Amino acid sequence: MDKNTIIESVDYIKNIIDIVPKIGIILGSGLGELADALEKKIVIKYSDVPNMPVSTVKGHAGQFVIGELLGKNVIMMQGRFHYYEGNSMENLSLPVYVMKYLGVENLIVTNAAGGVNTDFNPGDLMLIKDHINFAFNNPLIGRNDEKIGTRFPDMSCAYNKELISIAKGISNKFNLDVKEGIYLMMTGPCYETPAEIRMTRILGGDAVGMSTVPEVIAADHCNLKVLGISCITNMAAGILDKPLNHAEVVETSNKVKDKFKNFIINIVKEI
Ligand code: HPA
């Protein structure tokens, strides 16, 4: 990624907004409504921002929403880009760098995921402790601009421990049963086979999904503090004696969205 490309997108947005967002939130499937909670909202469509890829998934609005949440300046991505849409990993990383250069310091990344750990249930929330990159590609491949970050970033603390502890504090305070685990990314768009899910479990994955990892790698590269939260929308393939479908994912995320929204709002309060 080249810093000039990022700055071109950032300048477009800076000309429209008059606040400096400090917290970025990537809203995964079903969580887009959280943007309604923002006050003094400004909406900027991705398609209007120079250099941005185009989002093609149903239920993903495809815009930045910038405003105040509990008096804090926040930028949300209502709709994200996926690798399976045909985007390059580098393109997936652009919005993360854009948020960084707008002023963001803490990034909350959310997603819908399949539960691999059999102690999980659909509707559970999982704090991401770490990830496994099973997409076998990386947004940092290519020329490295040292102005953005180092060539060989350390990934040993990609998911910020302080933010995890804030999130755990909230779950204790409100008596929420929030799980913790490892997120494994597959490219999708097909769901996994039962054999792939058994493999994921053997490798230490607790949840499986088709996003998040490229964004977190970019965030780590430019020193953003990351909190990752998965909504377990279904048990992964082969765990239950029934096929998977996208409708189930949407249905569960709809059921859980209020709990998920409140959880994030309370976390934002404490950041
Ligand atoms: N697999 C991959 N991605 C997903 C799943 C799943 O089971 N559920 C929601 N996103």
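Counting starts at 1 for both ligands and their atoms, following the listed order. Remember, it's a predicted structure, so these values are computed and weren't measured experimentally. Values below: every heavy atom of this structure, side chains too, minus hydrogens, waters and symmetry copies.
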Asks: Atom 3 (N) of ligand 1: which protein heavy atom is closest, and how many Å away?
Replies: Gly209 CA, 3.4 Å

Asks: Between Tyr159 and His131, is the ring pair (Phe, Tyr, Trp, His ring centres under 6.0 Å) condition met? List the steps.
Replies: CA-CA 9 Å; Tyr159 297 85; His131 74 222; 5.7 Å; yes

Asks: Tell me if the aromatic rings of Phe174 and Phe263 count as close, with their centers under 6.0 Å from one another.
Replies: no

Asks: Taking non-hydrogen atoms only, is Thr233 closer than 4.0 angstrom to ligand 1 via side chain, backbone, both or neither?
Replies: side chain

Asks: Please report which non-hydrogen protein atom sits nearest to atom 10 (N) of ligand 1, along with the residue it belongs to and the distance in Å to one decimal place.
Replies: Ala112 O, 3.4 Å

Asks: What I want to find out is whether Lys45 reaches Asp48 closely enough, with some N-O distance under 4.0 Å, to be called a salt bridge.
Replies: no

Asks: Which residue holds the protein heavy atom closest to atom 4 (C) of ligand 1, what is that atom called, and what is the gap in Å?
Replies: Val208 O, 3.8 Å

Asks: Does one side chain, of Asn234 or Glu248, offer a donor that lies under 3.5 Å from an acceptor on the other?
Replies: no

Asks: Give me the residue, atom name and distance of the protein heavy atom closest to atom 5 (C) of ligand 1.
Replies: Gly114 N, 3.4 Å

Asks: Can you tell me which portion of Leu244 lies within the under-4.0 Å heavy-atom range of ligand 1? Options are side chain, backbone, both, or neither.
Replies: side chain

Asks: Under 4.0 Å between a Lys/Arg side-chain N and an Asp/Glu carboxylate O for Lys225 and Glu105?
Replies: no

Asks: So which bit of Ala237 gets within less than 4.0 Å of ligand 1, heavy atoms only: side chain, backbone, both or neither?
Replies: neither

Asks: Please check: side-chain N/O of Arg151 versus main-chain N/O of Leu140, any donor-acceptor pairing under 3.5 Å?
Replies: yes

Asks: Using a 4.0 Å cutoff against the non-hydrogen atoms of Glu192, which atoms of ligand 1 qualify?
Replies: 1 (N), 2 (C), 6 (C), 7 (O)

Asks: Ile26 pairs by side chain to side chain contact (heavy atoms under 4.5 Å, CB included) with which of Ile108, Leu31, Leu107?
Replies: Leu107

Asks: Please could you name the atoms of ligand 1 that Asn234 approaches to less than 4.0 Å, counting only its heavy atoms?
Replies: 5 (C), 6 (C), 7 (O), 8 (N), 9 (C)

